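All of these numbers come straight from a predicted model, not from anything done at the bench. We number each residue from 1, following the sequence as shown. Computed from heavy atoms alone, side chains included, the values below leave out hydrogens, waters and symmetry copies.
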Amino acid sequence: MICKKCGSECPDGNIFCEACGAELDAPVLPDNIDDKGRVKKQGKPKKEAKPKKEKKQRTPEEKAAVGKKIKAAVICLVLIAVVVIIVLVSQLFSASDGYNAAQKIPVGRNVAYAESETGLTFTEKSVNGMINNMTDFDYICISDKTTKVSGSEQPRWVILLTVGDDDLISAVEYYDFTQLKLNWKGRKMAEMLDQNSLEYGMSIKNVNKKLGLKPYYIKRTVSNDSTYCYRYYFTDPEQGYDRSYNYYVEFSDVEMAVKNVSYREINYAATILSAGDAAPAAAADSDPEALGGESTEESTDENAETEESLEE
């Protein structure tokens, strides 16, 4: 580096001339070299900002058209929701209509009086042949709406009347087949129900809550007692197959409280699979009316009838 004042040659990097002390001119460095002679790090080139798209301004007519579409979509959604609610409510009350009607039928009166009290029409036979062969009865009324039980269409509810020689009603039976629509074996439970879990004098409401079930069969008789049948099944961990039971609770119609509890296993394996003489007898286990909470015969098979009482 040459001093402009005295012409002396000075080492590169000096700020002042060693001969005259004049300030030396700083060398012009390339853009990629810093003051200490090091190469500068090159940064990433900045991306060019994309020009913002101009938002299209809708005309009043376009805005009105969009508003109409949104309004139509909302109306459609509301209508769909209303239809779904109506369907669910109708399904809920269709079964309860049969229950309420069955409860209104007075035992000890004639069929004509029962029809006037309920608005139902009873006939000696049903158009449903399967229901006609299910059990004995004198008069029947079935729901006009159906539900599927094991793939077959069945009425949602059935009311059966038995009359005596005096033409007065001696028994009223009610079937709610909606309780079997998921599985004819009843509701899936984790284990076998303990009949000792029900206490003497317990109300129907508390029994339903305690069992976690709803009855699919109810029978009222002139004895002022009602039998409620609950059907359920569970997988036996030792046997490795499903076992289905009818669980009977007898209530006093006067006190509307538990009087007795019994149960019976439904031997559907013998009913469905057997080709022997035992099959027809086992078929009675699938009909709660045939049981009525009482035993008609004793069996030595460990999977056959088991009955106990709260009074024992």
Side-chain angles (χ1 to χ4, degrees), residues 94-144 146 149 154-180 184 204 214-231 246-256 258-264 266 271 280-297 305 307:
S94 62
S96 62
D97 286 347
Y99 171 81
N100 293 334
Q103 294 300 311
K104 288 181 181 179
I105 298 175
V107 177
R109 303 296 293 268
N110 57 33
V111 177
Y113 184 83
E115 291 179 331
S116 65
E117 286 292 299
T118 61
L120 302 176
T121 300
F122 287 87
T123 58
E124 293 184 356
K125 284 188 177 182
S126 165
V127 295
N128 188 313
M130 185 178 293
I131 299 298
N132 289 333
N133 296 325
M134 183 174 62
T135 185
D136 294 329
F137 61 87
D138 294 310
Y139 293 92
I140 184 173
C141 180
I142 67 174
S143 169
D144 56 354
T146 62
V149 179
Q154 298 299 332
R156 291 190 176 181
W157 53 262
V158 175
I159 299 177
L160 305 176
L161 302 180
T162 301
V163 299
D165 296 335
D166 53 3
D167 290 334
L168 299 181
I169 299 172
S170 60
V172 179
E173 297 170 90
Y174 167 73
Y175 286 84
D176 180 6
F177 289 125
T178 62
Q179 300 301 318
L180 305 181
W184 73 270
I204 295 175
K214 290 183 179 180
Y216 98 95
Y217 169 81
I218 300 173
K219 182 177 183 179
R220 294 190 295 115
T221 64
V222 292
S223 63
N224 290 326
D225 291 334
S226 295
T227 299
Y228 282 54
C229 177
Y230 304 81
R231 180 173 289 186
N246 278 339
Y247 190 98
Y248 302 95
V249 182
E250 185 179 349
F251 294 92
S252 167
D253 288 344
V254 178
E255 301 174 353
M256 297 306 295
V258 174
K259 288 183 59 179
N260 189 37
V261 175
S262 59
Y263 62 90
R264 176 177 291 192
I266 303 172
T271 302
D285 278 350
S286 64
D287 176 19
E289 191 279 336
L291 304 176
E294 298 179 355
S295 173
T296 57
E297 63 179 4
E305 170 189 322
E307 291 195 354

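- Of the possible polar contacts, one joining the N133 side chain to the G129 backbone as a donor-acceptor pair under 3.5 Å is found.
- Side-chain atoms of S126 and N128 form no donor-acceptor pair, as typed in the model, at a separation below 3.5 Å.
- What you find for P215 and Q179 is that their closest heavy atoms are O-CG, 3.8 Å.
- When side chains are defined from C-beta on, I159 does not count as touching Y139, because their heavy atoms never get closer than 4.5 Å.
- Taking a 6.0 Å sphere around CE of M130, one finds it holds 12 or fewer heavy atoms contributed by other residues, nucleotides or ligands.
- Note that CD of E124 and CG of D138 are 8.0 Å apart. Values are rounded to the nearest 0.5 Å.
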What pairs of donor and acceptor atoms, side-chain ones from residues 111-120 against any protein atom, are under 3.5 angstrom apart with sequence neighbours left out?
residue	atom	partner	partner atom	Å
E115	OE2	F122	N	2.9
S116	OG	Y113	O	2.6
T118	OG1	A114	O	2.8
T118	OG1	L120	N	3.2

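- Note that the CG atom of D167 and the CG atom of N110 stand 8.0 Å from one another [nearest 0.5 Å].
- In terms of the ring-ring contact (aromatic ring centres under 6.0 Å, His included) criterion, Y230 has no residue partners (sequence neighbours excluded).
- Residues R220 and T227 are not in side-chain contact: their nearest non-hydrogen atoms beyond the backbone lie 4.5 Å or more apart.
- A heavy-atom distance below 4.5 Å is not found between the side chains of Y247 and C229.
- Side chains of K214 and D176 form no contact here, defined as non-hydrogen atoms less than 4.5 Å apart.
- Across all non-hydrogen atoms, the minimal contact from E173 to D136 is OE2-O, 4.4 Å.
- Between Y175 and T135, the shortest heavy-atom distance links the atoms OH-CG2, 4.3 Å.
- Looking at R231 and N246, their side chains do bring a donor and an acceptor atom within 3.5 Å of each other.
- Residues S170 and T221 form no side-chain contact, since every pair of their non-hydrogen atoms from C-beta on lies 4.5 Å or further apart.
- Closest approach of V149 to F177, counting heavy atoms only: CG2-O, 3.8 Å.
- For Y228, the ring-ring contact (aromatic ring centres under 6.0 Å, His included) test picks out F251, with sequence neighbours left out.
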From CA spacing to verdict: side-chain contact (heavy atoms from CB on, under 4.5 Å), V163, F137: CA-CA 8 Å; V163 299; F137 61 87; over 6 Å; no
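- In this structure, G98 and Y174 approach most closely via the heavy-atom pair C-CE1, 3.4 Å.
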Working for side-chain contact (heavy atoms from CB on, under 4.5 Å), residues M256 and I204: CA-CA 7 Å; M256 297 306 295; I204 295 175; 3.2 Å; yes
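- Proximity of V172 to L161: side-chain heavy atoms (C-beta onward) are separated by under 4.5 Å at one or more points.
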side-chain contact (heavy atoms from CB on, under 4.5 Å) between R156 and I142, intermediate numbers included: CA-CA 8 Å; R156 291 190 176 181; I142 67 174; over 6 Å; no
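- Inspection of the Q103 and N100 side chains reveals no N or O donor paired with an N or O acceptor under 3.5 Å.
- We find that D225 and K259 are joined by a salt bridge, their nearest charged nitrogen and carboxylate oxygen being less than 4.0 Å apart.
- Minimum interatomic distance between I169 and V107 (heavy atoms only, all atoms of both residues): O-CG1, 3.4 Å.
- The shortest side-chain heavy-atom distance between Y99 and I218 falls under the 4.5 Å cut-off.
- Side chains of S226 and D253: a donor-acceptor N/O pair is present below 3.5 angstrom, by distance only.
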